[in-house]
Amino acid sequence: QVQLVESGGGLGQFGGSLRLSCAASGTIFSISDMGWYRQAPGKRRELVARITDGYTDYADSVKSRFTISRDIAKNTVYLQMNSLKPEDTAVYYCNAHLTERPRDDYWGQGTQVTVSS
């Protein structure tokens, strides 16, 4: 099995910054891609950003404000969140796929991000 552990969530200020981290461990040969999703109260879970070898993808709502990066050697993905808005308040979940099992989804437990106005 694969375990994903998020960290870095908490209380952010309007216009401020937070940096989320997610470390993967367990039975891993190679991680093909990692990403961040979020779910706000009363809303469905949505993609925030995703990264694979040399490619990134962002939701329109966070493009130019958030930056996703990856440390392949450490099986870790980061989400640098700048220019925070109250609308960014949500539980943020880490997601990963393995090269050897591409059809399986792995999820972290989630980390709360709250942005004050």
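Atom CG of Leu84 and atom CZ of Phe14 lie 9.5 Å apart (nearest 0.5 Å). Distance OH/Tyr93 to CH2/Trp107: 9.0 Å, rounded to 0.5 Å. Rounding to the nearest 0.5 angstrom, the gap separating the CG atom in Asn75 from the OG atom in Ser25 is 8.5 Å.
A salt bridge is absent between Asp53 and Arg70; no separation between the charged side-chain nitrogens and carboxylate oxygens falls under 4.0 Å.
Across Pro86 and Ser117, no two heavy atoms sit closer than the pair CG-CB, 4.1 Å. Of all heavy-atom pairs between Ile31 and Met34, the closest is CG2-CG, 3.5 Å. Scanning both residues, Leu4 and Ala24, for their nearest heavy atoms gives CD2-CB, 3.3 Å. Taking each heavy atom of Lys63 and Tyr58 in turn, the nearest pair found is NZ-CB, 4.0 Å. Minimum heavy-atom separation, Gln3 to Gly26: OE1-CA, 3.8 Å. Closest approach of Gly8 and Leu18 over heavy atoms only: O-CD2, 4.2 Å.
A donor-acceptor pair is defined here as one N or O able to donate and one able to accept, closer than 3.5 Å; such a pair exists between the side chain of Arg65 and the backbone of Ser61. Judged purely by atom type and a 3.5 angstrom limit, Asn95 uses its side chain to pair as donor or acceptor with the backbone of Tyr106. Remark: the backbone N or O of Ser32 is paired with a side-chain donor or acceptor of Thr52 at under 3.5 angstrom. Side chain of Glu6 to backbone of Gly110: a donor-acceptor contact under 3.5 angstrom is found.
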Stepwise side chain to side chain contact (heavy atoms under 4.5 Å, CB included) test for Thr111 and Val91: CA-CA 5 Å; Thr111 184; Val91 177; over 6 Å; no
Pair Lys74-Asp71, salt bridge (charged side-chain N to carboxylate O under 4.0 Å, His left out): steps then yes or no: CA-CA 6 Å; Lys74 297 183 181 298; Asp71 186 330; 5.1 Å; no
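At least one side-chain heavy atom of Met81 sits less than 4.5 Å from a side-chain heavy atom of Val113. Contact of the Leu98 side chain with the Ser30 side chain is not registered, since no non-hydrogen atoms from C-beta on lie closer than 4.5 Å. Using a 4.5 Å heavy-atom cutoff, the side chains of Val2 and Thr27 are not in contact. Counting heavy atoms from C-beta on, the side chains of Tyr78 and Arg19 come closer than 4.5 Å. Looking only at side-chain heavy atoms (C-beta outward), Ser69 and Gln80 stay at 4.5 Å or farther from each other.
Atom CD of Gln13 is surrounded by 12 or fewer heavy atoms from other residues, nucleotides or ligands within 6.0 Å.
Side-chain heavy atoms closer than 4.5 Å link hydrophobic residues (I, L, V, M, F, W, Y) into clusters, and following such links, possibly through other members, connects Val62 to Ile51. By the rule that hydrophobic residues join a cluster once side-chain heavy atoms approach within less than 4.5 Å of another member, Leu47 and Leu79 end up as members of separate clusters. Residues Ile28 and Val5 are members of separate hydrophobic clusters, defined by side-chain heavy-atom contacts under 4.5 angstrom among Ile, Leu, Val, Met, Phe, Trp and Tyr.
A donor-acceptor contact closer than 3.5 angstrom is absent between the side chains of His97 and Asp104.
Checked options Val77, Val48, Asp57; the residue passing with Ile68 is Val77 (criterion: side chain to side chain contact (heavy atoms under 4.5 Å, CB included)). Tyr92 pairs with exactly one of Gln39, Gln112, Arg38 by the side-chain hydrogen bond (donor to acceptor under 3.5 Å, both in side chains) rule, that one being Arg38.
Ring centroids of Phe66 and Trp36 are separated by 6.0 Å or more, keeping the two rings apart.
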